Amino acid sequence: MSDVAERVKKIVVEHLSVDEDKVTESASFIDDLGADSLDTVELVMAFEEEFGIEIPDDAAETIQTFGDAVKFIENAN
Amino acid sequence: MRRVVVTGLGMVSPLAAGVEETWSRLLDGRSAAGTIRQFDAEHLATNYACEVPRGDGTDGTFNADDWLSSKDQRKVDPFILFGIAAAEMAVQDAGWAPADDRGQERTGVLVGSGIGGLGTIYENAKTLMEKGPRRVSPFFVPAALINLVSGQISIKYGFRGPNHSVVTACATGAHAIGDAARLIMLDDADVMIAGGAESAINELGIAGFNACKALSTKRRDDPAHASRPWDKDRDGFVMGEGAGIVVLEEYEHAKARGAKIYAEVTGYGLSGDAYHVTAPAADGDGAKRAMRAAMARAAVNPGDVHYVNAHGTSTMADVIELAAVTEVMGNHAGELTMTSTKSSIGHLLGAAGAVEAIFCILALRDQVAPPTINLDDPAEETVVDLAPKAARERKIDIAMSNSFGFGGTNASLILSRV
């Protein structure tokens, strides 16, 4: 797993209080990891903070899964 | 009008998390005051308060993990957390867990707070200043809003009846219980979860109440003796925190399901001073009218009221209330016991009225008035028994709880044995 993926996973585990095993590439924050809409907003803010990037609202809406987040951040970097 | 009784009690207080733990410590005359531990308060005019004892949940300590997952704790201000905990205790105590539509739709929630999520507002304002608007938490607003105690409780239990809240400063808890009782009387609900929650012991809260000269400042070396209602050496209130929640229920509804009935809410009176933003009317006009309205509603006479839990904050206003009570009780003032439990737990602001109503209910149950501790040298002579320093065992059939708030808002509740 890439460094970005490790760091994203750590944030997801912390914010959503889920087991690390459940944070798979296709895991949806809302459908699989118990997040609600406000949790996803907070997650995106945590990604921005961790990686020093800005994720515009329309882009944030496309980040539905753990894999989406890792891909977006790797591209942004 | 339908009768309303109390069938469940819940409390997080500076003495303990839990009704019975708090009550036994209160009767023992213990003070919950100490140097503030939640943050460094040395630079403030007041560095002491009555904080809820945090811990692992044993020996009366409050362990947030016992009441809410760590994930969800981050999404609520502590006042909401205290409210959720006290509500859980009250609902468990009442044994009320309706699974059907009718039961859920006929159960409402009315919990207030004087200030709400002040600490959360403060933290997010700092974030806004330091990091900009994009770093303000999406949970900021729902974590801080006063009516979100009611919202969270309704979501947790599926209570889909009236969902309401009260904000009347230090009269909040009393107004919440009184208004919720009326919703049941008027048939808007059969059961109401009602009370108040507060957590304003933070830098901004202490600085703010210091600025309006409301807090005791003179006992940095001896905080346990700082809250001293009616005493000559009182110099302001000591801030407390916590929550008090009761389950109110229509009498026949409670009887039909065999619920334990603690007391009946028989009287409720409200008034406004129209006088000053922080000071009560000097002649006690609003206080007297609130008490008389509650007594008229309960159809009781001065001699019928055996115990008054005073607002008694340990400020200059104490003697105004004492004079008002003395006048209202007339020739029977000498038969009355009136105490201020704020001497032990400090002033819980929006939670005070609810916590103190619960103390009245326990006084009815156990036939004992909790003491006014630290009352060494009364500022005024009185025929009223203020039960200084020791609990007073006596006949208590009817109790009254007074609560007065900034803005000149007054509420009196009357609770009776059933």
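Since we're looking at a predicted model, the values are computed, not measured. Naming: A, B, ... by sequence-line order, numbering from 1 per chain.
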_Heavy-atom cut-off 4.5 Å, strictly under: side chain, backbone, both or neither for Leu43(A) against chain B?_
neither

*Region of Val136(B) that comes under 4.5 Å of a non-hydrogen atom in chain A*: backbone

_Qualifying residues under side-chain contact (heavy atoms from CB on, under 4.5 Å), relative to Ala97(B), sequence neighbours excluded_ = none

Anything under 3.5 Å between chain A and chain B that's a donor-acceptor pair? List each one with its distance, please.
| unit_1 | atom_1 | unit_2 | atom_2 | d |
| --- | --- | --- | --- | --- |
| His15(A) | O | Arg74(B) | NH2 | 2.9 |
| Gly34(A) | O | Lys71(B) | NZ | 3.3 |
| Asp39(A) | OD1 | Lys75(B) | NZ | 2.7 |
| Asp39(A) | OD2 | Lys75(B) | NZ | 3.2 |
| Glu42(A) | OE1 | Arg74(B) | NH1 | 3.3 |
| Glu42(A) | OE2 | Arg74(B) | NH1 | 3.3 |
| Glu48(A) | OE1 | Arg134(B) | NH2 | 3.4 |
| Glu48(A) | OE1 | Arg135(B) | NH1 | 3.0 |
| Glu48(A) | OE2 | Arg134(B) | NH2 | 2.4 |
| Glu49(A) | OE1 | Arg135(B) | NE | 2.6 |
| Glu49(A) | OE2 | Lys131(B) | NZ | 3.2 |
| Ile55(A) | O | Arg134(B) | NH2 | 3.2 |

*Would you say Glu74(A) has more than 12 foreign heavy atoms packed within less than 6.0 Å of its CD?*
yes

